[in-house]
J.: 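First the structure, then my questions, so here it is.
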Amino acid sequence: MHCASRSDELVFFVNGRKVMERNVDPEGTLLTFLRKNWTLLSKSWLCRTVLLPLTLLVFLIQRHFSVTACLMPICSLYGAAVTTVEGVGSIKTRLHPVQERIAKSHGTQCGFCTPGMVMSMYTLLRNHPQPSEEQLMEALGGNLCRCTGYRPILESGRTFCMESNSCQQKGTGKCCLDWGENDSSPLGKKSEICTKLFAKEEFQSLDPTQELIFPPELLRMAENPEKRTLTFYGERVTWISPGTLKDLLELKVKHPEAPLVLGNTSLGPAMKFQGHFHPVFLSPARISELSMVTKTSDGLTIGAGCSLAQMQDILAERIAELPEEKTQTYRALLKHLRSLAGQQIRNMASLGGHVISRHCCSDLNPVLAVSNATLNLISAEGTRQIPLNEHFLAGLASADLKPEEILESVHIPHSQKWEFVSAFRQAQCQQNALPHVNAGMRVLLKEGTDSIEDLSIAYGGVGAATISAYRSCQQLLGRRWNELMLDEACRLLLDEVSLPGSAPGGRVEFKRTLVVSFLFKFYLEVLQELKKLVKLFCVPVGALDSRHHSEVSDQFLSALEDFPVTIPQGVQTYQNVDPHQPLQDPIGRPIMHLSALKHATGEAMFCDDIPMVDKELFMALVTSSRAHAKIISIDVSKALELPEVVDVITAEDIPGTNGAEGDKLLAVEEVTCVGQIICAVVAETDVQAKRATEKIEITYEDLEPVIFTIKDAIKHNSFLCPEKKLEQGNVEEAFEKVDQIIEGEVHVGGQEHFYMETQRVLVIPKTEDKELDIYVSTQDPAHVQKTVSSTLNIPINRITCHVKRVGGGFGGKVGKPAVFGAIAAVGAIKTGHPIRLVLDREDDMLITGGRHPLFGKYKVGFMNNGRIKALDIECYINGGCTLDDSELVTEFLILKLENAYKIRNLRFRGRACMTNLPSNTAFRGFGFPQGALVTESCITAVAAKCGLPPEKIREKNMYKTVDKTIYKQAFNPETLIRCWNECLDKSSFHSRRMQVEEFNKKNYWKKKGIAIIPMKFSVGFAATSYHQAAALVHIYTDGSVLVTHGGNELGQGIHTKMLQVASRELKIPMSCIHISETSTATVPNTIATAASIGADVNGRAVQNACQILLKRLEPIIKKHPEGTWENWIEAAFEQRISLSATGYFRGYKAFMDWEKGVGDPFPYYVYGAACSEVEIDCLTGAYKKIRTDIIMDACCSLNPAIDIGQIEGSFIQGMGLYTTEELKYSPEGVLYSRSPDEYKIPTVTDVPEEFNVSLLPSSQTPLTIYSSKGLGESGMFLGSSVFFAIADAVATVRRERDIAEDFTVQSPATPERVRMACADRFTKMIPRDDPETFKPWSIPIA
């Protein structure tokens, strides 16, 4: 505590307004400052960014860049001008073109990520008013979205780009509407088909002269910079910002242990997640000498204070100036910089910080190390240089900085003739991901020969820091650059760069393989460059050409090419409304999301945007660190001693029911998983509440057994519920009559919901009658209400739950919010204060569980022509430690396993395993995405055995005529067949299949794959009572209408659709109708917004209410047909006609008798098909998605823009499930992947290069409102088309190399799995560890 010291004044600007703060907390960030001091809504630490136009003190040039607000230290903003999304534009004043376009292009769904997207694009336009598409992709590369699938966001940004073109099939000679093989079979008549989701001509133009100016006061400050040292004192930390280099060096002598902070991208996460603490920070941000760039004849010296984004520009400029032979190192560095983190992080992170942190996965250090870079150090005693070599990287004291020294700059020498430098990296995805392994490689050949004069190789990701292969390189000096050298080099590297089986990060065999695969790529690159040099310099043939000299064969050339980042193209097709439909009737039109403009301006209110209420307290949760243990004691005394800590809530404080038996809200006596909630701290600030959780001491006694995997659960007979089983025909008899039988296994990993808005709740106790107001982010407010009621032992009618909007749910906010709501309510009742509980991303992922991992076994009998006669599938899902929704998921999994196929003899069995992991729960698709992958894997295996393409086996076994499912529900597959045929045609599947085969013949190290997948997705709950819905519609005397219904706005546009329904029924414009919120006080006893039927059933309820009201108004309208709506309402009021009505829909009939195995569990099916094409790199496991075509049966879409958005978003989320989203657990049951660093959802660069979506026209269903269908979940499984395209490419590799094709199917198809499945001489040469000899870093739970 620095009470005696007085801080200097921090001066900066926010949205044009001057901020002068003397009492800033040096531990605070820009995000916390904006939220607490300005109540601005740029709220998500994950993806909301702000814009910092800074004047560079050296050049006096204004520069705009976006930053991650949760990492930017508030004290580093001296002299900066901050622009947030609220400062860009507002619905109250004027929208900025970026905000308008992202909204009207349908680039927003839940809206939680939208301000971040807006700010990234706004920054881009401030720097480049007409950006290139490449710049747009780079600008958005660091932003995440879980709803939209990115395509419409990119589409909105593309409207500013100079290359923007109305026809998206540029250069092909064909119009984008003609994407098919069979022109005689169009989707429908051209006049009925529309591809326009927004009117570009309506957008306001971008006028750079109208932007916010940089504050003149800051310009004056920059011209006459403050030279004195600024000091800011906090409760625990002091921030010192010297104005001169001399002062900085003196401070470093005085505080030798104090770190230098510029971007805070390394220190910030270390302090937040690893508990690192530093009492003093030194900020060199105002030291101009640290940002100097010097160009010399032998190289380039870059100041340590330059950001990585600035370094990008510096290198690009130098590459353009110098001959190619001198820029090899610069090109290698630039290649890595383009994929290192996202734009926001590159804007903040400094070169010096990156080098000095020596992160094990540093992308730049391996390249700098091999290129003989020099570190220029400075201290009060003078300057010195040290090499950035293996000794520095290893942290040896003799080769490191002294405590009083700082890094001033990095000197990077030019490359020279006959010198070759390359950089390699492989990560979980192409952009914005830490590498599994990276490498820098440099070789200098003796002039005119292929003899190695100097060689340097360094790797990242295979040790605690960057590792230099010095010994191996020394042994190869003098060798010729040929196959013999390569073989020897691989052997030496694998020996020197050794990785133990238990290495942190796991993926040991994959990493070992990459070590030699990267070397092989480098070997090929150098050979190719040598070939050019021979031609260029006319080197005598004898110098290079000998029996030992190698050349790159044409088949190997593709191995030299990295996958480029390209902006996705595509077309979205839907059926036009009937030309006779009144213009005022919005049904079937691509209406913009109701809240889109508010999303884009940051004015949309989410749960945690509610301003702090009087006497509000904050809650933080304490969770178990053991997987299965008895709680011996809980000591809260140290936590209660901390200032501002009010109380600790335990199970003893619960006045009513503590959850259910075996599923407690707060643990009592025993914990059954890591992450189980034990107690909660209540404090005056969120920071103090979190600090107090670390002071609570819990003593455990471990219990047995501890079960994490499905395999162990089966072994211990540990199940959550009885087996679910469906059977038809005689499976055993059929197996005896088939030509062939094969058996196989499928493992499907779990999936994190990763909604942008984490779980959060605000509970406000009222002063009388034990009433509570609960503001919660949930899909099921009635469930929250009931749970709080039973927990507090008070009637339900005293509790009101409010849901304005939810920042994404995907099933993860059906059951879990009730737990957090109940615990917060106990705190509110006990303390008498409002309680706010907001989970960090790490806690959310640790506590809440996600999609069930699955292990499936199949046995399939078939004829040689591919006709399947018998299929037996047994599935086990990992349910976690409590039942939750696992029994329902098992039932739905079994009901949906048959997918699109009619197989006469079937047996499906399913069990939910009880393990010591957090309980898994509902997730979009509800078992179908896992189960159907087993079925389709079985189809693929049959195709391989028959020597037929998988699509032929799919066609042969698909439902063809009106039939009954395995559970005897009748349906007509006509629409399914239409979707399949349209997809084959519109994707030009057959011609592309031939092109893929031709490509694969010509390329050895790159392979393409293509797959087409059909889908029959059942919509709804398997119970009639869950399909009921209610609505309340008020008409006010001015004619305005207020609609309330039981659905919750999750981003899926349900409120927008409900307004469309009310508009049609009441025959008034949507502008006259309003929806405020979902509340249990207005519409009681609601059902969860889930199972894709929210708009269906609530639409029926709204329709019913509107029809009741219109019926009451009918006599008045008949009497005054020429009157206006307002006249009729006024007259109705005068005549005492009720202008309020409750609408009700009793629900679709649905039932399932599991005893008999028969029922009609689903109201209807959604049909679809998807075709995807990919290209894989066999040496690294990387892949790019070339094209995806989706045909979806939406019948008569209520809103094509919203429905296409749902299809695209769910497809990309499904693609993530099957490719990059991988959960990693420790052998102790701790979830490792608890942040966007470790868990990779798709980004903008993961969208297929061509992405076409079409709603099947002329399709009808009499059951639903206006013949529409619910599309929220169905697209999820179609993401598997990418998985099977990857599998197709891998199968090609294995056939070509005579490797067995019947390997175990594992999802997700990560680069690791792809690389290791493409077995070759490099996978064979790596050492393999006996699993019994080491403890693995992670365990597979499926």
Side-chain angles (χ1 to χ4, degrees), residues 366-367 369-372 389-390 418-424 426 437-463 466-500 508-531 533-534 542-553 555-556 559-560 1004-1005 1178-1180 1297 1315-1316 1318-1329:
V367 183
V370 300
S371 59
N372 295 321
N389 59 16
E390 67 273 13
W418 297 94
E419 185 175 37
F420 309 97
V421 185
S422 290
F424 305 93
Q426 184 54 51
V437 178
N438 57 22
M441 299 186 184
R442 180 187 62 87
V443 65
L444 175 64
L445 300 179
K446 188 176 179 182
E447 187 167 351
T449 74
D450 60 359
S451 293
I452 300 172
E453 190 170 300
D454 193 18
L455 179 64
S456 189
I457 298 173
Y459 291 100
V462 291
T466 300
I467 290 178
S468 175
Y470 178 76
R471 289 199 317 272
S472 301
C473 293
Q474 288 299 302
Q475 290 184 58
L476 293 168
L477 297 183
R479 297 288 297 270
R480 302 194 66 166
W481 195 261
N482 55 25
E483 282 282 336
L484 293 173
M485 181 281 303
L486 175 65
D487 290 340
E488 177 70 2
C490 289
R491 184 185 64 77
L492 290 169
L493 283 173
L494 288 172
D495 184 52
E496 183 174 4
V497 185
S498 61
L499 202 61
V508 171
E509 292 183 358
F510 176 47
K511 290 181 177 182
R512 288 170 180 164
T513 304
L514 288 177
V515 165
V516 286
S517 295
F518 285 164
L519 177 65
F520 179 62
K521 275 182 170 276
F522 184 53
Y523 168 75
L524 294 179
E525 285 183 10
V526 173
L527 281 184
Q528 193 68 2
E529 290 301 313
L530 274 175
K531 188 176 178 181
L533 282 177
V534 170
L544 285 173
D545 191 10
S546 75
R547 61 191 179 88
H548 296 295
H549 175 58
S550 304
E551 283 195 6
V552 184
S553 72
Q555 272 196 319
F556 283 20
L560 303 174
Y1004 187 80
W1005 295 111
C1178 306
L1179 283 168
T1180 63
R1297 300 175 189 178
R1315 176 64 187 97
M1316 300 314 289
C1318 295
D1320 54 30
R1321 61 170 167 151
F1322 302 112
T1323 58
K1324 289 174 185 172
M1325 70 171 62
I1326 64 166
R1328 311 267 174 166
D1329 300 304

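All residue numbers in this chain count up from 1 along the given sequence.
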J.: Take Cys1178 and Arg1297 through the side chain to side chain contact (heavy atoms under 4.5 Å, CB included) test and state the conclusion after the steps.
T.: CA-CA 12 Å; Cys1178 306; Arg1297 300 175 189 178; 3.9 Å; yes
J.: Looking at every heavy atom in both Ala439 and Val367, which two are closest together, and how far apart are they?
T.: O-CG2, 4.5 Å
J.: Test side chain to side chain contact (heavy atoms under 4.5 Å, CB included) on Phe510 and Gln426 and set out the steps.
T.: CA-CA 10 Å; Phe510 176 47; Gln426 184 54 51; 4.0 Å; yes
J.: Using the six-membered ring of Phe1322, assess whether NZ or CZ of Arg512 lies under 6.0 Å from its centre and within 45 degrees of the ring axis.
T.: no
J.: Do Trp1005 and Gln555 have side chains that get closer than 4.5 Å, going by heavy atoms?
T.: no
J.: With rounding to the nearest 0.5 angstrom, report the CZ to CD distance, Arg471 to Glu496.
T.: 4.0 Å
J.: For residues Gly460 and Pro366, report the shortest heavy-atom separation together with the two atoms involved.
T.: N-CG, 4.1 Å
J.: Has the side chain of Lys521 got a donor or acceptor atom that lies under 3.5 Å from a matching backbone atom of Leu560?
T.: no
J.: Just verifying a value: how many Å separate Phe420 CZ and Leu444 CG, rounded to the nearest 0.5 Å?
T.: 9.0 Å
J.: Would you mind reporting whether Val526 and Leu445 have side-chain heavy atoms less than 4.5 Å apart?
T.: yes
J.: Answer yes if the ring centres of Trp481 and Phe522 are under 6.0 angstrom apart, and no otherwise.
T.: yes
J.: Whether the side chain of Arg442 engages the backbone of Val370 through a donor-acceptor N/O pair (distance < 3.5 Å, no angle test) should be reported.
T.: yes
J.: Looking only at atom types and distance, does a side-chain atom of Ser517 sit under 3.5 Å from a main-chain N or O of Leu1179, one as donor and one as acceptor?
T.: yes
J.: Are any non-hydrogen side-chain atoms of Met1316 and Thr513 less than 4.5 angstrom apart?
T.: yes
J.: If you count the non-hydrogen atoms of other residues, nucleotides and ligands that lie under 6.0 Å from CZ in Phe556, is the total more than 12?
T.: yes
J.: Using the side chain to side chain contact (heavy atoms under 4.5 Å, CB included) rule, take Glu488 and Leu476 through it: C-alpha gap first, then chi angles, then the decisive distance, then the call.
T.: CA-CA 8 Å; Glu488 177 70 2; Leu476 293 168; 4.0 Å; yes
J.: Are Tyr470 and Asn389 close enough that some pair of their side-chain heavy atoms sits under 4.5 Å apart?
T.: no
J.: In Å and rounded to the nearest 0.5 Å, what is the CD to CG distance from Gln474 to Leu455?
T.: 9.0 Å
J.: Quick check: does any side chain N or O of Asp450 sit under 3.5 Å from a backbone N or O of Arg480, one acting as donor and the other as acceptor?
T.: no
J.: Strictly distance-based, threshold 3.5 Å: is any side-chain N or O of Ser472 a donor or acceptor partner for the main-chain N or O of Leu492?
T.: yes
J.: I'd like to know if Arg1321 and Glu483 make a salt bridge, using a cut-off of under 4.0 Å between side-chain N and carboxylate O.
T.: yes
J.: Look up atom CG in Leu486 and atom CG in Leu519, then write down how far apart they are to the nearest 0.5 Å.
T.: 5.5 Å
J.: How close do Val462 and Leu499 get, counting heavy atoms only, and between which atoms?
T.: O-CD1, 3.0 Å
J.: Taking salt bridge (charged side-chain N to carboxylate O under 4.0 Å, His left out) as the definition, give me every residue that meets it alongside Arg1315, ordered by chain and number, with sequence neighbours left out.
T.: Asp1320
J.: Does the Glu390 side chain pair with the main chain of Ile467, one donor and one acceptor, at a distance under 3.5 Å?
T.: no
J.: Given the rule in the side chain to side chain contact (heavy atoms under 4.5 Å, CB included) test, do Ile457 and Val497 qualify, once you have shown the distances and angles that lead to the verdict?
T.: CA-CA 11 Å; Ile457 298 173; Val497 185; over 6 Å; no
J.: Ignoring hydrogens and geometry, is there a side-chain-to-backbone donor-acceptor pair from Tyr459 to Ser468 under 3.5 Å?
T.: no
J.: Who are the salt bridge (charged side-chain N to carboxylate O under 4.0 Å, His left out) partners of Arg1328, not counting sequence neighbours?
T.: Glu509
J.: Within a strict 4.5 Å, meaning less than it, do heavy atoms of the Phe424 and Met441 side chains meet?
T.: yes
J.: For the OG atom of Ser422 and the CZ atom of Phe518, what is their distance to the nearest 0.5 Å?
T.: 11.5 Å
J.: Please report the interatomic distance CZ(Arg491) to CD(Gln475), rounded to the nearest 0.5 Å.
T.: 7.5 Å
